[in-house]
Amino acid sequence: MHSKFQAILQTSSVKVRAAAALHCVAPPSQGGVIGCLGISSQVATRVFHIPACFVVAGAAARVNARRRCMATAATIDGRSTTPTDAGIPKRQRSVALKVPELICRRTACSRVIEAGTARVEATVSLGTSQELGNLIAWEDGATLAFHHDCWKALLQERAQMDDANRRLMSQAASTLEKFDSEREMEKKAQSAADLLRKSRNAICFTGAGLSTSAGLGDYRGKRGKWTLEGRGIDTPYTTVYEELRPTFAHEAVAKLVDMGKIAYVVSQNADGLHHLSGIPYTKLSDVHGSAFTEYCPSCSARYVRETYVPEDRAEDYFAGRLLGPIPEHIQKCPNCQSNHWTGRNCEKCGNPLRDTVISFGDGLEECVLRPAFEAASRADACLSLGSTMSIGPSNQVVVIQRGPLIICVRQDTEMDRLSESTCGIRAWGDCDDFMRRVMQHLLGDSFQAWSASLEEKQASYDAKRPAAGKRRGDIFVMK
């Protein structure tokens with residue numbers, strides 16, 4: 001077994017808990033990237049070479065991550081959905097909504113950013129800022145777009161700005177999302193297709209950015225949950241998990257698995273969409289759990305359900321919003337302070353079942369994590385979609401694999417240099433757009449037939465995951 005994986009499993013006497021300890025990620029508002037529970041920050045820096053300034057140890061990382069580990073407010077390409085699109089199915093909203101025209105916010109430019117042009121987008125909170133001059137057309141909470149070259153020019157001018165504008169520039173940089181030009185994206189997609197065509201044992205690593213076009217929000221960037229929470233903005237949960245459907249990028253990954261171009265998928269998403277798209281769990285690790293899977297701690301039996309399995313009432317009982325006696329199966333987890341018991345019993349041994357969703361403070365399941373690392377140790381390439389790859393320990397599969405690293409995500413990542421050093425591909429933009437181009441190059445003349453077949457496949461999901469079931473408006477009520 002790869003030495004990096006052995007180090008993960010052998011760090012603590014409680015092997016499974018130690019293997020999972022580094023996955024606990026503190027939101028930026030708490031000043032950290034990686035929280036360590038159950039192991040010391042010294043171990044984190046020694047084993048994973050994580051700068052100490054990014055490690056949050058102990059109780060600082062023990063946040064209520066049950067609500068952070070899963071969905072955020074429904075968004076479309078990073079923009080919150082509005083009442084005007086409420087009647088449109090989530091999987092159709094991205095094409096039904098009109099995208100507003102973007103104007104470059106550098107006042108020396110102020111030109112329309114044409115479609116297909118390289119750009120960056122950010123948001124800021126103006127707070128009490130008053131005199132800001134006329135260098136940049138700042139606007140509180142709005143999407144601020146810049147031509148890529150204009151943003152670079154502003155970075156060069158930052159040293160000459162006053163304190164207020166420098167602070168806003170830093171704030172904008174922390175939420176920055178980048179988009180390649182259409183020509184750049186096409187070139188990178190072709191190169192990525194060439195690498196995947198040659199691979200024999202590639203892995204795919206996915207994060208929240210893969211599911212934004214399905215109706216789920218992400219965490220970082222200009223409209224990320226952590227970005228908004230850091231500004232004191234409430235982000236209510238409105239997702240109905242049974243209604244979620246795989247995106248084009250999900251379908252592309254499933255096709256690559258069918259083609260044998262991707263041998264294994266490692267996902268940090270708990271939405272269950274990879275499995276719904278047809279990828280069997282023999283080739284998939286939902287390392288942070290799935291909202292549709294529960295298991296028996298007594299006999300290890302696992303059940304994949306058609307409906308959402310976590311017991312949501314627990315959060316309301318704990319917060320005093322639901323009165324009356326708390327059901328016996330609802331109990332606070334000592335690690336994450338949330339409830340994992342679902343209220344159902346195992347069909348094999350009769351003992352209580354738990355959900356598989358990982359919250360901050362919980363350990364990852366070894367039976368899920370181990371095959372992910374074993375697949376990575378054999379991999380000859382890695383395709384990373386919609387993830388900044390900053391949450392460990394599962395992000396280490398990207399490091400362990402020995403081939404080129406292909407990345408598509410809007411934000412800069414800690415693995416960008418690794419992608420460059422492995423002669424990989426670094427694309428900035430939407431996963432659906434990138435993967436559509438990749439599949440066009442890989443499939444050639446058969447692309448149109450395969451793409452057309454997805455409509456029928458999407459219809460089949462309604463039978464696999466009926467809309468009836470647990471349909472709560474706010475999946476997790478914020479404390």
Is there a donor-acceptor contact under 3.5 Å from the side chain of Glu184 to the main chain of Ser181? yes

Verify side-chain hydrogen bond (donor to acceptor under 3.5 Å, both in side chains) between Thr206 and Ser267, making sure each step is shown before the conclusion. CA-CA 5 Å; Thr206 67; Ser267 180; 2.9 Å; yes

Can you check whether Glu365 reaches Tyr295 side chain to side chain, under 4.5 Å on heavy atoms? yes

Identified side-chain contact (heavy atoms from CB on, under 4.5 Å) counterpart of Cys382 within the set Ile407, Ile203, Ile262: Ile203

How long is the gap from CG on Leu273 to CD on Glu251, to the nearest 0.5 Å? 9.5 Å

Short question: side chain of Thr422, backbone of Leu418 - any donor-acceptor pair under 3.5 Å? yes

Nearest heavy-atom neighbours spanning Ala192 and Val438: CB-CG2, 4.2 Å

Kindly determine whether Met435 and Leu256 satisfy side-chain contact (heavy atoms from CB on, under 4.5 Å), including the steps that lead there. CA-CA 11 Å; Met435 290 308 298; Leu256 290 173; 3.9 Å; yes

Partner residues of Asp412 under the salt bridge (Lys or Arg N to Asp or Glu O under 4.0 Å) criterion, sequence neighbours left out: Lys178

Atom NZ of Lys457: over 12 foreign heavy atoms under 6.0 Å: yes

Counting only heavy atoms not in Arg197, do more than 12 sit closer than 6.0 Å to its CZ atom? yes

Gln411 vs Thr388, side-chain hydrogen bond (donor to acceptor under 3.5 Å, both in side chains): CA-CA, chis, key distance, verdict: CA-CA 7 Å; Gln411 295 89 15; Thr388 57; over 6 Å; no

Non-neighbouring partners of Arg106 that pass salt bridge (Lys or Arg N to Asp or Glu O under 4.0 Å), sequence neighbours left out: Glu157

Shortest non-hydrogen pair, Leu244 vs Ala214, comes out as CD2-O, 3.5 Å

Least distance between heavy atoms, Asp355 atom then Val357 atom: OD1-N, 3.3 Å

Side-chain contact, heavy-atom cut-off 4.5 Å: Trp151 with Arg119? no

Under the 3.5 angstrom rule, does the side chain of Glu182 hit a backbone N or O of Ala115 as a donor-acceptor pair? no

Check whether any side-chain N or O of Arg402 sits under 3.5 Å from a backbone N or O of Ser377 as a donor-acceptor pair, and report yes or no. yes

dist Leu154:CG -> His147:NE2 (nearest 0.5 Å) comes out at 12.5 Å

Are His148 and Thr117 packed together at the side-chain level, in the sense that at least one heavy-atom pair is separated by less than 4.5 angstrom? no

Could you tell me which non-hydrogen atom of Leu195 sits nearest to which non-hydrogen atom of Cys423, and how far apart they are? CD1-O, 4.2 Å

Side-chain donor/acceptor of Ser199 to backbone N/O of Asp380, under 3.5 Å: no

Quick one, His275 and Thr293 - any side-chain contact, counting heavy atoms below 4.5 Å? no

Considering only heavy atoms from C-beta outward, does the side chain of Phe373 approach that of Val266 to under 4.5 Å? no

I'd like to know whether Asp194 forms a salt bridge (charged side-chain N to carboxylate O under 4.0 Å, His left out) with Lys198, so could you lay out the CA-CA distance, the side-chain angles of the two residues, the decisive distance to 0.1 Å, and finally the verdict. CA-CA 7 Å; Asp194 292 340; Lys198 297 173 184 176; over 6 Å; no

I'd like to know if the side chain of Ser285 and the backbone of Val287 have a donor-acceptor N/O pair within less than 3.5 Å. no

Side-chain heavy-atom pair Cys431, His250 within 4.5 angstrom cut-off: no

Least distance between heavy atoms, Tyr281 atom then Asp286 atom: OH-OD2, 2.7 Å

So, do Ile425 and Pro404 sit near enough that their side-chain heavy atoms are less than 4.5 Å apart? no

So, are Asp432 and Arg436 salt-bridged, with charged N and O less than 4.0 Å apart? no

Value for OG (Ser191) from CZ (Arg426), rounded to nearest 0.5 Å, stands at 15.0 Å

When you check the gap from the basic side-chain N to the acidic O, do Glu139 and Arg105 get nearer than 4.0 Å? yes

Can you tell me how far OG of Ser384 sits from CE of Met415, rounded to the nearest 0.5 angstrom? 8.5 Å

Donor-acceptor contact below 3.5 Å, side chain Arg410 vs main chain Gly209: no

Would you say Thr123's side chain and Gly141's backbone share a donor-acceptor pair under 3.5 angstrom? no

I'd like to know whether Leu210 forms a side-chain contact (heavy atoms from CB on, under 4.5 Å) with His274, so could you lay out the CA-CA distance, the side-chain angles of the two residues, the decisive distance to 0.1 Å, and finally the verdict. CA-CA 10 Å; Leu210 187 71; His274 279 305; 3.5 Å; yes

Considering only heavy atoms from C-beta outward, does the side chain of Met439 approach that of Ser451 to under 4.5 Å? no

Under 30°, 30 to 60°, or over 60°: which ring-plane class applies to Phe292 and Tyr241, parallel, tilted or perpendicular? tilted

Side-chain donor/acceptor of Gln171 to backbone N/O of Ser125, under 3.5 Å: yes

So, taking the atom named CZ in Arg302 and the one named CD in Glu294, what distance separates them when rounded to the nearest 0.5 Å? 10.5 Å

Walk me through whether Leu442 and Lys255 qualify under side-chain contact (heavy atoms from CB on, under 4.5 Å). CA-CA 11 Å; Leu442 273 175; Lys255 178 64 173 178; over 6 Å; no

To the nearest 0.5 Å, what is the distance between CZ on Phe434 and CG on Leu385? 7.0 Å

Contact summary for Leu276 and Pro246, nearest pair of heavy atoms: CD2-CD, 3.7 Å

Applying side-chain contact (heavy atoms from CB on, under 4.5 Å), run through Tyr264 and Val397 and close with a yes or a no. CA-CA 11 Å; Tyr264 205 85; Val397 301; over 6 Å; no

Can you tell me how the ring of Trp450 sits relative to the ring of Phe248, calling it parallel under 30°, perpendicular over 60° and tilted otherwise? perpendicular

Side chain of Thr413, backbone of Met389: donor and acceptor closer than 3.5 Å? no

